[in-house]
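Following: one structure in structure tokens, then a few remarks.
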Amino acid sequence: MERSDKIFVAGHRGMVGSAMVRTLATHGYANVVTRDRAELDLRNGGAVSDFFAEEKPDVVVFAAAKVGGIQANIDQPVEFLLDNLQMQNNVISAAYENGVRKLLFLGSSCIYPRLAPQPIPETALLSGPLEPTNDAYAIAKIAGIKLCQSYAREYGANFISPMPTNLYGPNDDFDLRSSHVVAGLIRKAHEAKIDVADELVVWGSGTPRRELLHVDDLASAGVFLLENYDSPEIINVGCGEDVSIRELAELICEIVGFTGELTWDKSKPDGTPRKLLDVSKLSALGWRPRIALRDGLASTYEWFLRNVAPAALSHS
Ligand code: GFB
């Protein structure tokens with residue numbers, strides 16, 4: 001990849017896309033093209049074709065997605081399947097039609113079977129049934145992987161598919177109806193502290209385990225793979241360590257400064273019991289994460305305090 005390449009980051013307002021834009025800039029990639037949803041609806045195939053024909057990007061980072069935590073996935077399977085299929089089909093096909101030299105399609109660790117061996121190797125894809133709470137999203141992502149691999153096999157396209165583990169960081173979604181666990185618990189712990197509440201309600205049993213990667217580490221891996229990886233085979237991106245939801249909740253409460261009790265709402269789903277990626281393939285290429293979980297959670301809480309908490313208070 002050349003520093004002068006025109007790079008289209010699809011989904012630049014989101015947590016992952018915004019981190020990719022920041023990280024590309026720090027690596028000297030100055031020719032980044034973005035479009036807001038109001039300017040370009042990626043679900044509209046004609047609009048996407050016109051955009052590619054006009055802009056002719058050299059490289060595409062596909063970070064646009066309908067995403068959400070466990071409850072949002074349960075509540076909106078149609079949108080998780082259809083919006084994601086439409087956006088990725090339009091962008092991947094237009095990229096090929098317009099001679100894009102390299103495309104990075106971001107997947108998700110939920111593509112792997114619910115009871116995959118731990119840590120999960122890339123070879124576990126399609127080896128067993130999916131976790132039902134997010135199978136619509138997972139099937140959309142699997143279709144995206146297969147489309148990239150098909151363009152590579154049939155037409156020689158250089159379309160790569162990293163599979164990130166669960167992510168958190170600045171620009172995460174802190175809305176309790178749609179958030180993932182880290183953003184949800186940061187918000188709940190903060191509000192419980194402000195309200196001097198006795199307890200904080202955490203969903204599920206606390207026993208599921210998740211591997212959590214700061215989004216700046218994911219973006220660092222993304223740029224590394226754009227520069228160093230040219231295979232259609234999927235490649236896991238994680239930190240190689242996981243924590244239980246109970247340990248995570250306790251750590252977040254400590255960082256936020258909430259000292260009340262944790263209580264467990266077992267009517268809420270646990271989801272996959274464990275999701276720890278085998279990251280030996282990426283490690284062998286020489287990439288390492290830099291942000292320890294405690295540091296990443298602390299800086300994300302600071303970001304929340306500066307960017308989300310004031311707006312939330314002014315609306316209450
Ligand atoms: O992060 P999360 O929503 O998604 O939930 P998944 C992880 C675990 O945290 C589950 C528990 O066991 C939740 O029950 N949890 C506890 C909470 N308290 C909370 C809370 O306040 N909010 C949330 N959201 N969870 C998602 C998939 O699965 O992972 C997506 O649904 C995607 O498709 C994403 O793949 C990476 O890790 O279970």
Side-chain angles (χ1 to χ4, degrees), residues 14-16 63 65-81 83-85 106-116 118 120 125 130-145 162-169 172-192 197 199-215 218 236-239 242-253 256 258 262-277 293 297 300 304:
M15 176 172 73
V16 172
K66 165 81 178 165
V67 293
I70 193 164
Q71 194 61 51
N73 273 266
I74 293 170
D75 294 342
Q76 296 177 275
V78 172
E79 288 73 20
F80 277 84
L81 187 53
D83 289 6
N84 284 314
L85 284 173
L106 273 159
S108 165
S109 58
C110 70
I111 58 155
Y112 293 117
R114 170 183 166 79
L115 299 177
Q118 305 287 326
I120 312 173
L125 179 62
L130 295 167
E131 158 62 31
T133 56
N134 57 34
D135 57 359
Y137 181 68
I139 283 174
K141 286 293 180 189
I142 293 169
I145 293 166
M163 294 304 118
T165 189
N166 283 39
L167 303 169
Y168 70 96
D172 205 344
D173 172 9
F174 287 87
D175 183 327
L176 294 180
R177 290 162 302 183
S178 47
S179 68
H180 289 90
V181 61
V182 170
L185 291 181
I186 285 179
R187 182 175 200 134
K188 285 185 194 172
H190 174 74
E191 290 177 353
E199 60 169 36
L200 183 160
V201 179
V202 190
W203 294 353
S205 64
T207 58
R209 300 185 68 83
R210 294 291 182 271
E211 178 189 18
L212 297 158
L213 186 72
H214 191 282
V215 71
L218 181 266
N236 290 340
V237 183
C239 59
D242 62 358
V243 289
S244 72
I245 297 301
R246 177 182 293 278
E247 290 162 344
L248 176 69
E250 288 170 353
L251 184 54
I252 289 175
C253 288
V256 170
F258 171 69
L262 294 180
T263 55
W264 301 91
D265 179 356
K266 295 198 178 144
S267 70
K268 292 287 189 186
D270 271 343
T272 313
R274 194 175 185 202
K275 232 182 334 185
L276 175 66
L277 294 179
L293 181 59
L297 292 174
T300 303
F304 169 86

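Whatever order the structure lists ligands and atoms in, that order sets their numbers, starting from 1.
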Practice problem: Considering only non-hydrogen protein atoms, determine which one is nearest to atom 31 (O) of ligand 1 and report residue, atom name and distance to 0.1 Å. | Solution: Asn73 ND2, 3.0 Å

Self-check item: ligand 1 to Asn166 polar contact by distance, N or O atoms, under 3.5 Å
Solution: yes

Quiz prompt | Under 4.0 Å to a heavy atom of Gly69 - the qualifying atoms of ligand 1, by number | solution = 3 (O), 31 (O)

Quiz prompt | Basic-acidic side-chain contact under 4.0 Å: Asp242, Arg209 | solution = yes

Quiz item: Out of curiosity, Trp264 CH2 to Glu199 CD, how far, rounded to the nearest 0.5 Å?
Solution: 12.5 Å

Quiz prompt | Closest to atom 14 (O) of ligand 1 among Gly204, Pro269, Ser108 (heavy-atom distance) | solution = Pro269

Quiz item: Taking N or O atoms only and a 3.5 Å limit, does Thr133 qualify as a polar contact for ligand 1?
Solution: no

Quiz item: Does Arg210 approach ligand 1 within less than 4.0 angstrom via side chain, backbone, both or neither, non-hydrogen atoms only?
Solution: side chain

Quiz prompt | OG1 on Thr165 to CG on Leu277, rounded to 0.5 Å | solution = 4.5 Å

Quiz item: Is the closest heavy atom of Thr272 to ligand 1 under 4.0 Å?
Solution: no

Quiz item: Roughly how far, to the nearest 0.5 Å, is OH of Tyr137 from OG of Ser108?
Solution: 4.5 Å

Quiz item: Is there a heavy atom in Ala138 that sits closer than 4.0 Å to ligand 1?
Solution: no

Quiz item: In terms of atom number and element, which parts of ligand 1 are under 4.0 angstrom from non-hydrogen atoms of Lys188?
Solution: 20 (C), 21 (O)

Quiz item: Can you tell which of Phe80, Tyr137, Trp203, Tyr112 gets a heavy atom nearest to atom 25 (N) of ligand 1?
Solution: Trp203

Self-check item: N or O contact, Ile70 vs ligand 1, cut-off under 3.5 Å
Solution: yes

Quiz item: What is the nearest protein non-hydrogen atom to atom 24 (N) of ligand 1, stated with its residue, atom name and distance?
Solution: Ser179 O, 2.9 Å

Quiz item: Do ligand 1 and Val181 have nitrogen or oxygen atoms that lie under 3.5 Å from each other?
Solution: yes

Quiz item: Given side chains that start at C-beta, do those of Gln71 and Ser179 come closer than 4.5 Å, heavy atoms only?
Solution: no

Quiz item: Side chains of Ser205 and Arg246: does their closest heavy-atom pair fall under 4.5 Å?
Solution: no

Quiz item: Counting N and O atoms only, with roles assigned by atom type, does the side chain of Asn84 sit under 3.5 Å from a partner on the main chain of Ala65, one being a donor and the other an acceptor?
Solution: no

Quiz item: Are the side chain of His180 and the backbone N or O of Gly68 linked by a donor-acceptor pair below 3.5 Å?
Solution: yes

Quiz item: Hey, what do you get for NZ (Lys141) to OH (Tyr112), rounding to the nearest 0.5 Å?
Solution: 13.5 Å

Quiz item: Looking at Asp173, Val67, Asp75, Asn73, which one forms a side-chain contact (heavy atoms from CB on, under 4.5 Å) with Ser178?
Solution: Asp173

Self-check item: atom 27 (C) of ligand 1: nearest protein contact (heavy atom, Å)
Solution: Asn134 ND2, 3.2 Å

Exercise. Using a 4.0 Å heavy-atom cut-off, say whether Glu131 meets ligand 1 through its side chain, its backbone, both or neither.
Key: neither

Quiz item: So is there a nitrogen or oxygen of Lys275 less than 3.5 Å from a nitrogen or oxygen in ligand 1?
Solution: yes

Practice problem: Work out whether the distance between some heavy atom of Lys268 and some atom of ligand 1 is less than 4.0 Å. | Solution: no

